[in-house]
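Below: the structure, in structure tokens.
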There are 2 protein chains.
Amino acid sequence: MKLELITIGNELLTGKTIDSNSAWLAEQFNILGVKTGRITSVSDSRDEIISILKEAEKRSDIVIMTGGLGPTSDDITKPVLCEFFQTKLVFRPEVFDNIKSLLGKKGHRINEHNRKQAEVPESATIVENMYGTAPGLWFEKEGTIFISLPGVPFEMKEIVRSGIIPGLKKLFEFPVIYYKTILTQGSFEAMLAEKLEKFEKEMPGDISLAYLPSPGIIKLRLGATGKDKEGLERRIEEQIRKLWQIIPEYIIGYDDDTLENIVGKLLNVSGQSLSLAESCTGGTIASLITAVSGSSKYFKGGIVAYSNEIKTDQLAINPDVLNKYGAVSRQVVEDMATNTRLLFNTDYAVSVSGIAGPSGGTPEKPVGTTWIAVSGRKSTISNEFRFGDNRERNIRRASLTALNMLRKYLLAESAINN
Amino acid sequence: MKLELITIGNELLTGKTIDSNSAWLAEQFNILGVKTGRITSVSDSRDEIISILKEAEKRSDIVIMTGGLGPTSDDITKPVLCEFFQTKLVFRPEVFDNIKSLLGKKGHRINEHNRKQAEVPESATIVENMYGTAPGLWFEKEGTIFISLPGVPFEMKEIVRSGIIPGLKKLFEFPVIYYKTILTQGSFEAMLAEKLEKFEKEMPGDISLAYLPSPGIIKLRLGATGKDKEGLERRIEEQIRKLWQIIPEYIIGYDDDTLENIVGKLLNVSGQSLSLAESCTGGTIASLITAVSGSSKYFKGGIVAYSNEIKTDQLAINPDVLNKYGAVSRQVVEDMATNTRLLFNTDYAVSVSGIAGPSGGTPEKPVGTTWIAVSGRKSTISNEFRFGDNRERNIRRASLTALNMLRKYLLAESAINN
């Protein structure tokens, strides 16, 4: 079964709107085991729409279009569909009733535009739009199914869930597909690829592996298609066990996990508390931690000690130590963590001090040099890292690396205690 | 000049990644007066890539591809490009030098994968990638220019800015187009649209106005196309003067300005310093301020006082005041600002205390209720805001609103002093 997606709208071709509809549709069908062959965006132009429909007809079994069905004048999809399917617009009372009922609920008057929305191509089957005035339209032409949907995301999604997917399931048999994503931190793509070369070669041919990199986190997505879900799950789990043997130090979680969520759960379960002392990350770690709803249960607060004065005055760092070793040093970052833990009266504290750049680097401590410490009631650990020369990414990487150091520290402690 | 964009990657066709690269590219070229004719996403498949390149060659003058140039095995674009352009991969020392220098700075070892990245199609002109290992590739075939770029957004953007656009400007005459973006804060789209209804009606027909909304900031982009740049500039400036008469209270800056930059410049010029006390924004304001390079000149640091204990212990908030009025109150937020200013010995301090949600709301103080204060040597001001019920957006809006309050306070002070 070949699926193709087409999004229609000038706003997509001027870059004003990012095409998130296609990604959503592709994901829904991917979960159902249907691969999307191609995604195309075209403008609200008769020629462009006719031309992509002709191309799609030749290569695909199902073509889903979104956009171009609204009431405003730059939306010309409906007349163009009539031309392509050699049909004409007719007034459909059941569509008009739906429009009247929707607008009535919002207390709006019915106008000429709304009446026009009840005119739909005669050969189309109507798919109800519960949340909007433009219905979904379902056409068949020489063995290809064409579906035209409004571009408003929440309307489109509901039509797909309640009307389109059930309709397609009556006509096609969908395969079973299973995905699992493994999150890694502390590595980079080329390094992982090298470590996993043998793994990839030995991987069964019907299992796929994709690298999904982002600053600080690289995701590995394993996927398999087959007949029974449990069998696929078992086979993917087997590959994950192998990954745990090859790159245990980099794996931090699965699927929608984030470091701030993982750390939050570990602290929440053990009923322990956290504080922070941030220099170069300037509050980024705190903002990640507090982005998690419920973080007030374990996060008490932190200090953004951007200037040396704050490090000495608020965090009681010895000025002699600061002068002797510099702010970016093991000594200072460990004292920052320990003093913050005591000052804020928490079980753990994390501290970061580094040179984010672009200025401030020296030959011994170039831009990107960063010290991170974790202090607990029993011990304080610290490490030096060399990130790159981009300020924004240095801040991001330092923040994620600090959260990962805390995660490892918490896991090691809970292993000792259990 | 016909431009076409192609994004390559299985992750796009499975919906794991939203194609934001195309929107960014379309916007950049739209600003230059070049319309994008079509955007297509295809998978990492030889047949799909060859087929879209053949189609694009027929209908477009410039074809920009992104993605598929990484070091891992699911990236097959390079060999396919060789096939399409009838050339072969050759090792290019200048590309390898760039890779070695980039990885060396990060302290990484060079491996076989990195060496392979220095193999590029022989007939391609190299466009330097300052931030990554895969260079941009520029091909010409029968009058059509094909450009292949890495898919990592920040790498791609820098190659486009510093290499691709200057290169294309040598070959093509771009129309003269002039844009100016006016940044507003504190309003929402429907409200601005209503206030600007008459302005839009009276605007000359060849000047365009686009609303570009994002959480907390709405941008108004005025544009005009013509022959001489200065004439266009004058005509746009005239419209901006009108905007200043209609919505003076919302305008905060222009084009690439950000509130954190504007505030930073104001503090830098006057040689004054800032500290922060954040509760519900949890370090977000500090992270915005410190994202600006050079912010250490005026930003000393801050306290993330997430728990009441930190508010009393570190910021010396009177527990009786906290109990009587609650943490989200004028009294507490003003004391937070004043005490932080004194504690951190800065000229100004900003404080925020609010209910970000989803829990913590009451009938009198629903989720979204936020108090913000600015304290200077002469006075402390505060205001209550009611944002919405989405935690992420509440944090963002509270942060931007706090920066805007500080901006207004600084401007008022400098007006009095001058």
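Letters A, B, ... are given to chains in the order of the sequence lines, protein chains preceding strands, and every chain is numbered from 1.
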Quiz item: Quick one: what part of Q314(B) sits under 4.5 Å from any heavy atom of chain A, side chain, backbone, both or neither?
Solution: side chain
Quiz item: Given a strict heavy-atom distance threshold of 4.5 Å, which part of F387(A) is in contact with chain B: side chain, backbone, both, or neither?
Solution: backbone
Practice problem: Could you look at I395(B) and say if it's the side chain, the backbone, both or neither that has a heavy atom under 4.5 Å from chain A? | Solution: side chain
Quiz item: Counting heavy atoms not belonging to R396(B), are there more than 12 under 6.0 Å from its CZ?
Solution: no
Practice problem: Just give me the residue among S275(B), S399(B), A291(B), A305(B) that pairs up with chain A most often, heavy atom to heavy atom, under 4.5 Å. | Solution: A291(B)
Quiz item: Got a sec, which residues hit side-chain hydrogen bond (donor to acceptor under 3.5 Å, both in side chains) with E309(B), two or more places apart in sequence or on another chain?
Solution: K300(A)
Exercise. Kindly give the heavy-atom pair with the smallest separation between I317(A) and T312(A), and that separation in Å.
Key: O-CG2, 3.4 Å
Self-check item: Inter-chain contacts: residues 29-37 of chain B against chain A, heavy atoms under 4.5 Å
Solution: N30(B), T36(B), G37(B)
Quiz prompt | Top of K311(A), E197(A), R393(A), R386(A) for chain B proximity - count of heavy-atom pairs under 4.5 angstrom | solution = R393(A)
Quiz prompt | Part of S359(B) lying under 4.5 Å from any heavy atom of chain A | solution = neither
Exercise. Could you look at L343(B) and say if it's the side chain, the backbone, both or neither that has a heavy atom under 4.5 Å from chain A?
Key: both
Self-check item: Choice from A356(A), S296(A), G388(A) maximising heavy atom contacts with chain B below 4.5 Å
Solution: S296(A)
Practice problem: Only counting residues at least two apart or in another chain, list the ones meeting side-chain contact (heavy atoms from CB on, under 4.5 Å) with T181(B). | Solution: L183(B), K219(B), R221(B), D255(B)
Quiz item: Which atom names give the shortest non-hydrogen contact between S45(B) and I76(B), and what distance separates them?
Solution: C-CD1, 3.7 Å
Quiz item: Residues two or more places apart in sequence or in another chain: which of them pass side-chain contact (heavy atoms from CB on, under 4.5 Å) with R38(A)?
Solution: E4(A), T40(A), R59(A), T40(B), V42(B), E48(B), S51(B), I52(B), E55(B)
Quiz item: What part of I310(B) is in contact with chain A, defined as an atom under 4.5 angstrom from a non-hydrogen atom: side chain, backbone, both or neither?
Solution: side chain
Practice problem: Sort D19(B) into side chain, backbone, both or neither according to what part of it lies under 4.5 angstrom from a heavy atom of chain A. | Solution: backbone
Exercise. Check the surroundings of atom NZ in K2(B): do more than 12 heavy atoms from other residues, nucleotides or ligands lie under 6.0 Å from it?
Key: no
Self-check item: Y179(A) versus chain B, the contacting section by heavy-atom distance below 4.5 Å
Solution: side chain
Quiz item: Of all of T14(A), L5(A), I6(A), which one pairs up most often with chain B through heavy atoms under 4.5 Å apart?
Solution: T14(A)
Exercise. List the atom of S43(A), the atom of L13(A), and the distance in Å for their closest heavy-atom pair.
Key: N-CD2, 3.5 Å
Exercise. Could you check which of S22(B), C280(B), S295(B), G282(B) has the highest count of heavy-atom pairs closer than 4.5 Å to chain A?
Key: G282(B)
Quiz item: Which of the residues N308(B), I18(B), T17(B) is involved in the greatest number of heavy-atom pairs with chain A at under 4.5 angstrom?
Solution: I18(B)
Quiz item: Quick check: are there more than 12 heavy atoms from other residues, nucleotides or ligands sitting under 6.0 Å from CD of E392(B)?
Solution: no
Quiz item: Looking only at heavy atoms, what is the nearest atom pair of T281(A) and T290(B), with distance?
Solution: O-OG1, 4.4 Å
Quiz item: If you take all heavy atoms of G283(A) and S287(B), which pair is closest and at what distance?
Solution: C-CB, 3.9 Å
Quiz item: Which residue out of N111(B), L3(B), L102(B) racks up the most heavy-atom pairs below 4.5 Å with chain A?
Solution: N111(B)
Quiz item: What residue, out of P153(B), G360(B), G302(B), has the most heavy-atom pairs lying under 4.5 Å from chain A?
Solution: G302(B)
Quiz item: Any luck finding a side-chain donor-acceptor pair between T7(B) and S41(B) under 3.5 Å?
Solution: yes
